[in-house]
Structure formats: C-alpha cells, structure tokens
2 protein chains.
Amino acid sequence: MAGHRLDPIDRKILAELQADGRMTNVELAKRVGISAPPCLRRVRTLEEAGYIRGYHADVDSRELGFEVQVFAMVGLVSQAEADLSAFEERCREWPLVRECHMLNGEVDFILKCVAPDLSTFQTFLTEDLTSADNVASVKTSLVIRGAKDAPGVPFEVLEERLSRDA
Amino acid sequence: MAGHRLDPIDRKILAELQADGRMTNVELAKRVGISAPPCLRRVRTLEEAGYIRGYHADVDSRELGFEVQVFAMVGLVSQAEADLSAFEERCREWPLVRECHMLNGEVDFILKCVAPDLSTFQTFLTEDLTSADNVASVKTSLVIRGAKDAPGVPFEVLEERLSRDA
DNA sequence: CGTGAAACCGTCGCCCC
DNA sequence: GGGGCGACGGTTTCACG
C-alpha cells in the first residue's frame with residue numbers, strides 16, 4: 001500500500017497542515033516533536049513528492065453570494081476514451097463546475113456546481129451542460145443544506161490501519 | 001445579494017488566499033496593491049466575519065493510500081427534522097464520510113467517502129451506513145477517476161456578476 | 001537532526017488622508 | 001473610516017557540525 005515511505009512524523013505533519021494550513025513552521029515543529037529546520041525540510045519534501053498539492057483558504061461560498069449548490073449526474077452518449085476526455089476538458093473550463101468525477105454504474109460523471117442563484121445555474125444547465133456535445137442525460141439535485149464538509153483525508157483511519165498491519 | 005460589503009480589494013484577497021493559502025502577507029499585499037499592515041487587518045476582518053473558515057493543506061489521498069473514493073446516495077425512512085439531524089450527526093462521527101449534503105429530490109443525502117481499499121469501504125457500508133437507524137436505501141458509485149477538483153468558489157463569476165449589476 | 005546567524009515577515013503604535 | 005511608515009520580536013531559511 002502507498003504511504004509506506006512516510007514515517008510517523010511525516011504523517012503528523014500532513015495531519016496538522018490539513019487541519020491548519022497556515023500554522024507557522026515553528027509551531028508545526030513543536031507539535032511533531034522536532035526542531036524547525038528539519039521540519040521545514042520535511043514539508044518541502046512532502047510538497048515536491050506530491051503528498052501536498054497546495055494550500056487553500058476555505059472561503060464560505062454562501063456568505064460570498066453563491067447561494068446555490070448543485071450535484072449533477074451526467075450520462076454520455078459515447079464512453080469512448082476520447083469522448084470521456086473531451087467532456088472532462090469541458091468541465092475544467094466551466095467555472096461553475098468545481099468538481100468532476102467519473103463514476104461506475106449507470107451514470108458516467110458526477111459534478112459539483114456552485115452558482116450565485118438559481119437562474120444563473122439554470123442558464124448554465126440548459127445552454128452549456130445539457131446542450132454540450134455527447135451529453136445524453138443530466139439529472140440535478142439541489143443541496144438543501146450542508147451537514148459535513150471535512151477537508152481531505154481521515155488520518156485516524158490511516159494510523160489505525162498501519163498499526164494493525166504492523 | 002451577499003458579498004456586497006466587500007470591496008474589490010477584499011475580493012482579491014479572498015481569491016488569492018483561495019489559490020494559495022500559505023502566501024505571505026507581504027506577497028499578498030503586493031498583489032492586491034496595498035501595504036502590508038492594512039492588508040493583514042483586512043485578512044483578520046475577513047476571518048472573523050466568517051468569509052474565511054480556515055486554511056487547509058490539500059493532501060493527495062491516493063498517494064497517502066486512500067485508493068477508494070465513493071459517492072453514496074442515502075434515502076431515509078423518516079424525514080422529520082429530528083431524524084434528519086440525527087443522521088447528519090452520525091455522518092459527522094464517521095471518519096470515512098468526508099462530506100454530507102442534504103438534497104432535494106428522490107434521495108435525501110449524498111455522501112462523499114474515502115477508504116484505503118474496497119474491503120474497508122464495504123465493511124463500513126454494510127456494518128455502519130446501511131444498518132444505521134432510519135436508513136432506507138443506499139446506492140453507491142465508485143469514483144473511477146477524478147477529472148477536476150477546484151477549491152471553493154469561482155471568483156471570476158462573482159466579478160462578472162458584480163460588474164454587470166453595477 | 002540540531003545549533004546558530006542572517007534575512008525576512010507579522011504585528012503594533014503612530015501619523016496621515 | 002482606511003492606508004502608510006517605522007520599529008520590535010518572531011519566523012523562515014541558510015550553512016555547518
């Protein structure tokens with residue numbers, strides 16, 4: 001399994017930075033039990049190895065005026081690889097689409113979208129998404145309310161698994 | 001609409017910190033065109049007003065050994081508010097469930113889950129989720145591959161909207 | 001991995017508009 | 001009200017052991 005090249009200190013660093021990405025390096029070093037310079041070296045190594053893809057402020061979309069969140073299930077006409085890639089590329093270009101994942105089962109993609117209001121979303125839905133090449137069906141579900149939105153990965157599960165396998 | 005109390009500098013700050021949450025304050029100040037002290041004051045104000053909920057490192061779940069991502073659609077038996085809240089509370093306690101959103105339409109909730117492997121997920125699915133109180137139906141879809149995962153909010157859309165309304 | 005030093009940054013008080 | 005200047009203390013980030 002992956003992640004085996006990381007020692008417990010590296011995993012603690014990742015967990016701490018996932019919880020608070022703006023933590024100072026000295027605070028981080030104190031929490032993981034080493035001094036600042038090697039701690040910073042580990043962080044840089046984790047970044048370059050791709051374990052850390054970036055750091056992002058978590059902005060409140062509703063407070064900013066994005067009052068609509070929608071999940072869209074998309075079925076395509078053709079599932080040939082070139083056509084799948086073409087659809088994915090289009091999703092990357094649509095700013096209202098924040099996430100796009102290819103699924104197994106009866107539906108081909110799930111999209112998470114945000115919009116300032118319903119009419120903006122419906123314009124996008126009818127003019128862009130539904131009428132895009134190769135799109136066969138779109139089913140949308142409005143988010144009534146959010147109940148949980150945890151960042152990233154449950155490190156507790158990883159630790160439990162590693163200690164069980166050891 | 002919300003977000004009207006933010007001037008263009010505040011919005012630029014949010015956009016920059018969403019793109020790079022570890023940017024130093026002097027770099028941020030340079031990019032938004034003011035000096036460091038007022039820039040830091042604005043950031044603190046945005047944090048306290050709830051526009052910024054936190055900062056998180058974006059860790060690569062697959063590289064860390066979480067090779068399975070699943071969307072689960074959950075239908076409940078009772079949609080009374082107390083029962084909805086009880087289910088949401090349970091989702092908050094399950095570490096494999098990273099997101100839980102209440103939806104309109106035929107399904108009540110959509111859950112985004114991660115797990116180290118399929119058997120871990122299936123154990124969770126059968127022993128925890130499907131057999132939880134008040135759960136009527138669960139349909140799961142495995143993520144074959146991720147095509148887009150943009151953080152937060154499309155500020156371009158916000159700016160376009162504000163300039164159109166002005 | 002730790003120590004020490006130098007450059008940089010976050011932060012405050014004060015002044016300005 | 002918000003923005004800029006200067007200075008102090010803490011932090012980042014070297015080179016070296």
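Side chains included, hydrogens not; waters and symmetry mates left out as well; all remaining heavy atoms used. Order of the sequence lines fixes the chain letters, A, B, ..., with proteins taken first and strands second; residue numbering starts at 1 for each chain.
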Could you list the cluster mates of A/L40? Members are the ILVMFWY residues connected by side-chain heavy atoms closer than 4.5 Å, either directly or through other members. none
Under a cut-off of 3.5 Å for both distances of each Watson-Crick or G-U pair, what dot-bracket string does DNA chain C give, using [ ] for crossing pairs and | for inter-strand pairs? .||||||||.|||||||
Passes side-chain contact (heavy atoms from CB on, under 4.5 Å), A/T45 versus A/Y51? Steps please. CA-CA 9 Å; A/T45 304; A/Y51 288 98; over 6 Å; no
Ordered by number, residues from residues 31-48 of chain A within less than 4.0 Å of DNA chain C (heavy atoms) are A/I34, A/S35, A/P37, A/P38, A/R41, A/R42
Give me the ring orientation class for A/F109 and A/F87: parallel if the planes are under 30° apart, tilted from 30 to 60°, perpendicular past 60°. tilted
Is it the case that A/T126 and A/Q122 place a side-chain donor and acceptor less than 3.5 Å from each other? no
Do B/Y55 and B/E47 have side-chain atoms, one donor and one acceptor, less than 3.5 Å apart? yes
All N/O donor-acceptor pairs, side-chain side in residues 100-107 of chain A, below 3.5 Å, sequence neighbours left out:
unit_1	atom_1	unit_2	atom_2	d
A/H101	NE2	A/E99	OE1	2.9
A/N104	OD1	B/L142	N	3.0

After noting the C-alpha distance and the side-chain angles of B/F66 and B/D117, does the key distance pass the side-chain contact (heavy atoms from CB on, under 4.5 Å) rule? CA-CA 7 Å; B/F66 289 84; B/D117 51 44; over 6 Å; no
Would you find a donor on one side and an acceptor on the other, under 3.5 Å apart, between the side chain of [X] and the backbone of [Y]?
X      : Y      : result
B/S131 : B/E127 : yes
B/K148 : A/W94  : yes
A/R98  : A/V114 : no

For side-chain contact (heavy atoms from CB on, under 4.5 Å), just list the numbers for A/V77 and A/D133, CA-CA rounded to whole Å, side-chain angles, deciding distance to a tenth of an Å, and then say yes or no. CA-CA 9 Å; A/V77 176; A/D133 276 357; over 6 Å; no
Name the first nucleotide and the last nucleotide along DNA chain D (5' to 3') that come under 4.0 Å of a heavy atom in chain B. D/dG2 to D/dG6
Name the pairs: protein N/O against N/O of nucleotides 5-9 of chain C, kept only if under 3.5 Å.
none

Test log, rule side-chain contact (heavy atoms from CB on, under 4.5 Å), inputs A/L6 and A/L14: CA-CA 10 Å; A/L6 299 180; A/L14 291 173; 3.8 Å; yes
